[in-house]
Amino acid sequence: MAKEKENAALAGEQATGTPTMTAEEMQKMLEEARAAKEEAKSAQEEARAILEQANAALAAAKEAQEAQIGKDASSDDADPEEDEEAKRRRLFEEEQERERQYMAEKVPIELFKDNGKYKGDVLVCVNGERFLIKRGVRVEVPRYVALVLEESAKQDTATANLIESESSRYEAEAAALNI
């Protein structure tokens, strides 16, 4: 009998050009389709459950972040030592910024000029910045450049005083030794 069904199916296939199925094969395919549909439905439910878990985790993370931001903003909850350290650091940085601004302010200077030793322009280098300052002309330079020139002039005066005192001492010793 199975052979007859097979022959009938083969004959139907040859007559129409499309394969024909037996009722058993159709039933089997229908059951496979139902099973696949159930599997897809189950996978869809799993995906929904995973999505719900992810949304819950995201909401919890968002709450935790907002709570942390609120905690950071509240000075009552903060560690007093940490707060004091942050305050000291902020004050130090503010003082440093004021110092930088003060030193960067432009101040007028005029360097002495004569026709002898003090006739050429003066080159001042501070931390890699170079300034060529013309003698005998009033110019504006950053305060730190003026301070460098001031210290240089003080050092020149101290050196001249030392040379003068040592020369006087040498002349006095030479006179005492009749040299």
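Values below: all heavy atoms of this structure, side chains included; hydrogens, waters and symmetry mates excluded. Nothing fancy with the numbering, it's 1 onward along the sequence.
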| query | Between A146 and I109, what is the shortest heavy-atom contact and its length? | reply |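 In terms of heavy atoms, the two residues are closest at CB-CG2, 3.9 Å.
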
| field | Least distance between heavy atoms, N115 atom then K119 atom | value |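 Looks like O-CD, 3.8 Å.
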
Any side-chain heavy-atom pair from [X] and [Y] closer than 4.5 angstrom?
{"X": "P142", "Y": "M103", "answer": "no"}
{"X": "V139", "Y": "I133", "answer": "yes"}
{"X": "K87", "Y": "L91", "answer": "yes"}

| Which pairs with one or both residues in residues 150-160 pass salt bridge (Lys or Arg N to Asp or Glu O under 4.0 Å), sequence neighbours excluded? |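 Only E150-K154, E151-K154 qualify under salt bridge (Lys or Arg N to Asp or Glu O under 4.0 Å).
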
| task | Among residues two or more places apart or on two chains, list those pairs meeting salt bridge (Lys or Arg N to Asp or Glu O under 4.0 Å) that have a residue in residues 130-145. | result |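 Applying salt bridge (Lys or Arg N to Asp or Glu O under 4.0 Å) to every pair that reaches into residues 130-145, excluding sequence neighbours, yields E105-R143.
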
Who passes side-chain hydrogen bond (donor to acceptor under 3.5 Å, both in side chains) against [X], sequence neighbours left out?
{"X": "R90", "value": "E94"}
{"X": "Q155", "value": "none"}
{"X": "E93", "value": "none"}

May I have the list of side-chain donor-acceptor pairs in residues 25-40 shorter than 3.5 Å, sequence neighbours left out?
| residue | atom | partner | partner atom | Å |
| --- | --- | --- | --- | --- |
| E25 | OE1 | T22 | N | 3.1 |
| E25 | OE1 | T22 | OG1 | 3.4 |

| query | Quick one: hydrophobic cluster around L123, which other residues, with the 4.5 Å side-chain cut-off, linked directly or via members? | reply |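 L123 clusters with L132.
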
| Test side chain to side chain contact (heavy atoms under 4.5 Å, CB included) applied to E97 - qualifying residues, sequence neighbours left out |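 Scan of E97 (side chain to side chain contact (heavy atoms under 4.5 Å, CB included), adjacent residues dropped) gives R100, Q101.
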
| request: Could I get the full list of side chain to side chain contact (heavy atoms under 4.5 Å, CB included) partners for E46, not counting sequence neighbours? | output: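 Per chain and number, E46 pairs via side chain to side chain contact (heavy atoms under 4.5 Å, CB included) with S42.
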
Contacts table for residues 166-178: side-chain donor-acceptor under 3.5 angstrom, sequence neighbours left out:
| residue | atom | partner | partner atom | Å |
| --- | --- | --- | --- | --- |
| E166 | OE1 | R169 | NE | 3.4 |
| E166 | OE1 | R169 | NH2 | 2.7 |
| S167 | OG | I163 | O | 2.8 |
| S168 | OG | E164 | O | 3.0 |
| R169 | NH1 | E173 | OE2 | 2.8 |

| request: Sort and list the pairs that fulfil ring pair (Phe, Tyr, Trp, His ring centres under 6.0 Å) and have at least one residue in residues 91-120, not counting sequence neighbours. | output: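 Those involving residues 91-120 are F112-Y118.
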
